[in-house]
Amino acid sequence: MNQPIIELINVSKKYGDQTVLKNINLQLNQGDFYTLLGPSGCGKTTILQIIAGFTQSTSGQVLFNGKQINDLPANQRQLNTVFQDYALFPNMSVFDNIAYGLKIHKTPKAEIADRVHEALHLVQLDDFGEREIAELSGGQRQRIAIARAVVNRPQVLLLDEPLSALDAKLRKDMQYELRELQQSLGITFLFVTHDQEEALAMSDNIFVMNKGEILQEGDPVDIYDEPINHFVANFIGESNIIPGKMIADYQVAFLGHQFECSDAGIQPNEPVEVVIRPEDLVITTAEKGKIQVKVATQLFRGDHYEIIAFDQQGNEWLIHSTNATEDDAIVGLQFGPKDMHVMRYNETEDTFNHRLESYEDDDKESDHD
Ligand SMILES: Nc1ncnc2c1ncn2[C@@H]1O[C@H](COP(=O)(O)OP(=O)(O)OP(=O)(O)O)[C@@H](O)[C@H]1O
């Protein structure tokens, strides 16, 4: 259990002068659901293509089950790819599309029939074998593309934005289906998306990328609650990011006040940014609030109001509340130590890990005391 199945070690990729991947290190364990998340052009597809063998890295190693596969041709790698446009053969039936890879590998006819039916059953399209591709809806094509990939029983499935062509409702349904399918098959999925909600909902582990680099890796709750820097905090959900200064462990100052927080390991007086999620702010009277803001505007979002307000220093605050408030009202905001996450300015993953390690070491030392 939990053996690495795929490892990238110091992988970089250049196209001419342009570096599109910088020193990528990642490890995928057997049976987990991983997501590469980042804005358009950050290098997600390039990582998939290097793992699939469609593109060569400029430097670094790609390992599969501990063995280097940099020079292994794509068709000899035990993995399959589901592409954004599905890449189905339009003139073949559903059955022939799914059977294609098995026929190429000269699998016996009876076994092909069994495995295609098994794959169709997995994606809940048992009776669709004889249909033409043109007779399928977008969601059905999507499922056939997945059936075609899993019929080969790959150890790893690479999925490049497979839900992006679907409408919002179908996309949500397919998120559940894909996650269930991954769990029932027990194979490793590496999923690419630029949609943070999708990544949070589906993954065991997320790699957040920007400009050819992995900025942070972690499970969805960690990434959401403990973003490493401004980019990740902004990219993963909505956040209020307020400049401040560390006073001491568990004490931070911003907007002219000191607050108890749950963060430690940053030097006193270091400039920091404090992240507070909109859903963690509670509106109260101006007197009871830890800070006061003036409401500028509010939008009804169905299950909550989205309120925009400004503090006296001109910082914009986004607040999610189940109750409406009045435009131009001066209200107070309540939040607790656990609702704040303190980040250093321009923190990188290395400095973050280093701080975490030294903080854990301090913890161990104090445990011995
Ligand atoms: N064959 C190529 N030749 C030159 N540049 C390329 C090539 N393929 C990709 N790039 C560049 O590499 C960078 C990363 O591209 P990539 O497709 O990996 O990004 P992405 O994160 O998957 O983006 P998207 O979400 O838009 O698909 C981009 O700047 C892109 O223009």
Side-chain angles (χ1 to χ4, degrees), residues 6-28 33-62 69-71 73-75 77 79-88 138 141-142 145-146 149 156-168 170-172 174-175 178 188-203 205-218 220 223 227-237 348-349:
I6 290 202
E7 287 163 272
L8 299 191
I9 303 171
N10 295 332
V11 165
S12 295
K13 175 71 183 171
K14 282 186 173 183
Y15 285 110
D17 287 349
Q18 192 197 1
T19 301
V20 298
L21 292 179
K22 287 176 218 155
N23 234 17
I24 298 290
N25 286 287
L26 64 76
Q27 180 177 317
L28 310 183
F33 194 122
Y34 296 89
T35 297
L36 294 171
L37 172 69
S40 182
C42 72
K44 306 179 295 291
T45 299
T46 306
I47 290 187
L48 277 204
Q49 288 186 333
I50 287 172
I51 294 175
F54 300 136
T55 301
Q56 279 278 337
S57 63
T58 310
S59 58
Q61 294 182 61
V62 184
I69 56 162
N70 289 46
D71 298 322
N75 61 8
R77 299 188 182 195
L79 40 83
N80 273 92
T81 308
V82 177
F83 298 97
Q84 194 168 355
D85 59 1
Y86 315 147
L88 295 169
R141 283 176 208 203
Q142 216 283 324
I146 290 168
V156 177
L157 197 58
L158 307 173
L159 302 109
D160 194 355
E161 306 235 14
L163 307 182
S164 62
L166 307 179
D167 66 47
L170 189 56
R171 188 169 178 147
K172 264 212 165 126
M174 284 305 298
Q175 289 172 1
L178 260 187
T188 307
F189 274 32
L190 180 58
F191 184 88
V192 161
T193 185
H194 56 258
D195 180 332
Q196 51 90 14
E197 266 184 50
E198 191 160 279
L200 292 173
M202 298 178 76
S203 322
N205 232 299
I206 299 174
F207 299 96
V208 185
M209 294 186 64
N210 192 30
K211 295 184 181 161
E213 288 182 286
I214 294 176
L215 300 182
Q216 189 169 2
E217 176 196 351
I223 298 245
I228 187 178
N229 62 18
H230 198 107
F231 175 85
V232 179
N234 247 334
F235 196 73
I236 307 281
T348 64
E349 192 167 15

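As a basis for the values below, the full set of heavy atoms in this structure was taken, side chains included, without hydrogen atoms, waters or symmetry mates. In each ligand, atom 1 is the first atom listed, and ligand 1 is the first ligand listed. All values reported here derive from a predicted model rather than from experimental measurement.
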Step by step, work out the side chain to side chain contact (heavy atoms under 4.5 Å, CB included) result for Lys172 and Gln175.
-> CA-CA 5 Å; Lys172 264 212 165 126; Gln175 289 172 1; 4.3 Å; yes
Per-pair distances, 0.1 Å, donor-acceptor, side chain in residues 12-23, under 3.5 Å, sequence neighbours excluded:
residue : atom : partner : partner atom : Å
Ser12   : OG   : Asn23   : N            : 2.9
Lys13   : NZ   : Gln56   : O            : 2.7
Lys22   : NZ   : Lys211  : O            : 3.4

Please identify each residue that fulfils salt bridge (Lys or Arg N to Asp or Glu O under 4.0 Å) with Glu161, with sequence neighbours left out.
-> none
Of all residues at least two apart in sequence or in a different chain, which pass the salt bridge (Lys or Arg N to Asp or Glu O under 4.0 Å) check with Arg141?
-> none
Could you name the protein residues that come within less than 4.0 Å of ligand 1, counting only heavy atoms, and order them by chain and residue number?
-> Tyr15, Gln18, Val20, Pro39, Ser40, Gly41, Cys42, Gly43, Lys44, Thr45, Thr46, Glu161
So, the side chain of Gln142 versus the backbone of Pro162: is there a donor-acceptor pair under 3.5 Å, distance only?
-> yes
About how many Å separate CZ of Phe207 and CG of Leu37, when rounded to the nearest 0.5 Å?
-> 11.5 Å
